Each structure stands twice: as C-alpha cells, then as structure tokens.
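Worksheet for the structure shown next.
Values reported hereafter were calculated over all heavy atoms of this structure, with side chains retained and with hydrogens, waters and symmetry mates removed. On a predicted model such as this, the values are computed, not experimentally measured, just so you know.
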Amino acid sequence: TMIKVIRVFRLLKLTRLVRGSRLAQRLEAPISLPYQHLALLRCVFVLIILCHWLASLWASTILLVPDGTPTWIDAIAAMDEDLGIQTRDHPVRIYIASFYFCSYTMTSVGYGDIGPQNIVERVVCTMIVLGAGLSWACVLGEVCAIVAEMNSARQAFRQKMHHLNRMMGAQGLPSELRKRLRTFFLQNRNQSNFVTHQQLLQDMSAQLQAEVCTVVNLPWLRKALDSAGLDASSMHACIADVSQELHMKAYAQRESFTDVQVLHILAKGLVLLNTRVATNGAVWGEDFVLADVPLIQRFSGFALTYVEVLCLKRESFMTVIERRRANCPELGQIVRRYCVRIAVFRGILAEARRLKLLQVQEEDQRTTPQISVQELPPPPGMVDLGPDD
C-alpha cells in the first residue's frame, strides 16, 4: 500500500508544468492574436490540466484499497458489463470516467451518478472538491476580468454618451444641435486609440520608439519634408520625438478651421482646402517652420465630412530640433537653410506683387482723362456768361 501512495505522490512532479509559462511567453510573442483571446485559451488549458491531475488522483483510488472493497467504478463497470465491456481491464475507460467526474465536480454541475464508496475515496473526494472549488473560483474571476477588459472601450463610450445625453437634457439644447453632437461623438469614438498609441510609445525603449515611429510616420513625414525640400533620412534620429509632439484634432461636418505655423496631416475624412479637396494622407502647411507669419501660405479648411487631423506646431518642432542638436546637428542646419530659401523666395514674390500693383495704379492714373476747371459745365441754375457780358 505504501508503494501505491508513493506512486500517487509522484503525480506532484507534474507541477513542473508551471514552468511552461516561460514557454507560453515564447509562443505568445510571435502570435498576433489579441491578448484576451490568448488569456481565454490559457484558462481553458489550465482547466484541462487541473482536471487531468484530479482525474489521475481519483482513478488511483481504485489501487489504494484492497481487492473486494466497493469502489466508485463498480456502478460504471456493471452498466458496461451488460454491453460485454470489461471496464476494469481498460485504463482509458477508467481515465475517461474519472475525467468526467472531476470535470463536472469542478464546474459545480454535480450529476451525482458517480460518488465515493469507501473511506479512502471520501477523503480524496473531499480534497478534490475543495481544490476544484478554489480553482474554479480563480478561473471564473480571471475569465470575468478578461471579458470586462475586452468590452472596456465599449463601456467607456456608452458612459460618455450617457453623460452627453444628460448634459444636453439639463442644458435644454435644441434638437438639431443634439443630433450634431451625437453624430460627432459617434464618429469620434475611435479617437481614443490615438491617445492609447501615444501612451504605448512612451512605455517603449528609445530604440523601439524610433523603429515604430519610423515605420508608422515616415511615409507622411517624407511626403511633407520632400515637398518642403528637406531630406527625410536626416529625421531618423528624432522622428520618435516628433511623433510624441503630434496631437489630434477632430472637426464636425461643415466646420471651418485655419491654423498658422502648424503642419497638418489628414488622418480621416474629406477637407476642402481653398480650391482643392484633400483626402486621407494629405499634408498641408509644410512652411510651418517659417517665423515670419506674413510669408506663410494660408489655407482655409472646410470639413466636408467628419475630419480627424494630426497637427504639429512650429514651437514643438523647434523644441525637438534644439533637444536633438547634439546627435542630429544637420537637421537644424537643413531647416535653417530651408527657412532662408523660402523666406527669400516668397519675399521677392511679395515685393514683385507690390511693385506690379503700383505699376497698375500708375497706368490707371495716366489713362484717366484730365478735365480742367474751365471745361467743367456750369452748375444747374447758373447762366454761362460770355466774355462780352
């Protein structure tokens, strides 16, 4: 009997599977499944492992009692014997019956068709019930937390809409304005993703920030810098800092906006810029680095749909250049040369327009006929007297 007990305790060696968490981390890294789905799969795997351990323990009770002692397998063996099946001679059938008992015991179903028949089975069954109940409670708590986390964004949005409806009702806003507000928030529900992405970037190391920001932001940044005459390759050292300075603005349909010294990247929607329509990925305001505001080309934006725009202010960009002056000095020089070139070019154009306007005004004055005082007709009611009169 002592040897049988030792064999039972050898099952404790299965606790080495706990080290499998390291293996799980290695397997989780290359998989792009959502973390919640992986967590749910992990809970199912833990349940199967626990049921396996308990089933092995419950099945071993058959060997811990002397021959002829009633056991839990007797009722199942009697039913199978009517079908010509010898259950006691098939370890797989015994394991399946034991796993079945432990699974419905752990989940608190309790069919009652299997139960302990001797003192050893009662002791082991008590241990199984206590351990399975505690394990089931932990698994349920983990699953509830995972499901709540999966719906956290949806619940937060519903709470925001609830507060919005209460605010509009308390303020007595007109129905048309209420409709516009609800439409704006319904279309703006994904803007929180940008804030989450920015927070994730802050939690990364400096090297990972640079790599991620290069992949995400280099296409539009290259487009903006190429149109401005700058080299995008010089931005690799500080592209992460530039990305951290971006902030998102949202505009409802039919809203107008005009910002100076701000680089704009259209992330979503359609915008009418002066005389052209801009779509997703459009960039304007590339001359935001100029310090002289009159030389900046002004754009008047009109939102044709709901619009999300990424903005980069000149002060923030210059702060990044100053902060990265040590490891990226050529960037400041390139920006300075660009500012001088574009300022001189636009200054010359402005002076040419002024001179052209003056020339047109002078030509208008020369072409206008000059009327002398003597040629003016007499006012009404007065008689024109000749020299003899």
Side-chain angles (χ1 to χ4, degrees), residues 1-28 33-80 87-150:
T1 305
M2 184 59 67
I3 296 176
K4 296 179 180 179
V5 175
I6 294 175
R7 289 179 180 176
V8 173
F9 280 104
R10 290 181 63 182
L11 295 173
L12 296 177
K13 290 184 178 180
L14 293 175
T15 55
R16 295 179 179 177
L17 292 176
V18 177
R19 299 180 182 177
S21 59
R22 300 179 181 177
L23 178 61
Q25 292 178 0
R26 296 179 181 179
L27 294 176
E28 184 178 349
L33 288 176
Y35 171 76
Q36 293 84 357
H37 296 174
L38 293 176
L40 289 175
L41 291 177
R42 185 168 59 247
C43 290
V44 173
F45 178 75
V46 169
L47 281 177
I48 294 175
I49 292 298
L50 289 176
C51 286
H52 169 71
W53 289 348
L54 297 177
S56 300
L57 179 62
W58 181 244
S60 65
T61 57
I62 301 175
L63 305 175
L64 295 178
V65 296
D67 295 338
T69 304
T71 60
W72 63 271
I73 198 64
D74 293 341
I76 298 177
M79 289 187 296
D80 292 344
T87 303
R88 291 181 178 273
D89 298 335
H90 293 80
V92 176
R93 291 182 177 276
I94 295 176
Y95 174 78
I96 292 175
S98 179
F99 192 92
Y100 161 72
F101 169 75
C102 294
S103 62
Y104 74 62
T105 300
M106 176 175 289
T107 56
S108 303
V109 177
Y111 291 120
D113 53 348
I114 300 177
Q117 302 297 324
N118 53 67
I119 186 62
V120 176
E121 292 180 356
R122 292 187 182 92
V123 173
V124 174
C125 186
T126 302
M127 296 171 56
I128 290 176
V129 170
L130 294 177
L134 181 60
S135 302
W136 181 244
C138 295
V139 171
L140 280 182
E142 184 70 17
V143 171
C144 292
I146 294 171
V147 174
E149 185 179 357
M150 292 175 64

Tyr100: which residues meet the ring-ring contact (aromatic ring centres under 6.0 Å, His included) condition with it, sequence neighbours left out?
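Scan of Tyr100 (ring-ring contact (aromatic ring centres under 6.0 Å, His included), adjacent residues dropped) gives Tyr104.
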Could you please spell out the steps behind the side-chain contact (heavy atoms from CB on, under 4.5 Å) verdict for Ile76 and Ile114?
CA-CA 8 Å; Ile76 298 177; Ile114 300 177; 3.4 Å; yes
Roughly how far, to the nearest 0.5 Å, is [atom2] of [Y] from [atom1] of [X]?
| X | Y | atom1 | atom2 | value |
| --- | --- | --- | --- | --- |
| Ile62 | Thr69 | CD1 | OG1 | 12.0 Å |
| Ser60 | Ile94 | OG | CD1 | 11.5 Å |
| Leu40 | Glu142 | CG | CD | 9.0 Å |
| Ile73 | Asp80 | CD1 | CG | 8.0 Å |

For a side-chain contact (heavy atoms from CB on, under 4.5 Å) check, start with the C-alpha distance between Glu121 and Asn118, then their side-chain angles and the critical distance, and finish with the verdict.
CA-CA 5 Å; Glu121 292 180 356; Asn118 53 67; 3.3 Å; yes
Heavy-atom distance under 4.5 Å between the side chains of Cys43 and Ile146, does that happen here?
yes
Would you check if Trp53 and Ile49 make a side-chain contact, meaning some heavy-atom pair closer than 4.5 Å?
yes
Starting from the C-alpha separation in whole Å, work towards a yes-or-no answer on side-chain contact (heavy atoms from CB on, under 4.5 Å) for Cys51 and Ile48.
CA-CA 5 Å; Cys51 286; Ile48 294 175; 5.8 Å; no
Begin with the C-alpha distance, continue with both residues' side-chain angles, and end with the deciding distance and a verdict on ring pair (Phe, Tyr, Trp, His ring centres under 6.0 Å) for Phe101 and Trp72.
CA-CA 10 Å; Phe101 169 75; Trp72 63 271; 7.1 Å; no
Take Leu130 and Leu134 through the test side-chain contact (heavy atoms from CB on, under 4.5 Å) and record every step on the way to the result.
CA-CA 6 Å; Leu130 294 177; Leu134 181 60; over 6 Å; no
Which pair of non-hydrogen atoms, one from Gln117 and one from Thr71, has the smallest distance, and what is that distance?
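Nearest pair, atom of Gln117 first, then Thr71: CG-O, 3.3 Å.
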With sequence neighbours excluded, residues passing side chain to side chain donor-acceptor pair (under 3.5 Å) with Ser98
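Expected list: none.
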My understanding is that only residues two or more places apart in sequence, or in another chain, count here; which of them pass side-chain contact (heavy atoms from CB on, under 4.5 Å) with Val129?
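Once residues adjacent in sequence are excluded, the partners of Val129 under the side-chain contact (heavy atoms from CB on, under 4.5 Å) criterion are Thr105, Cys125.
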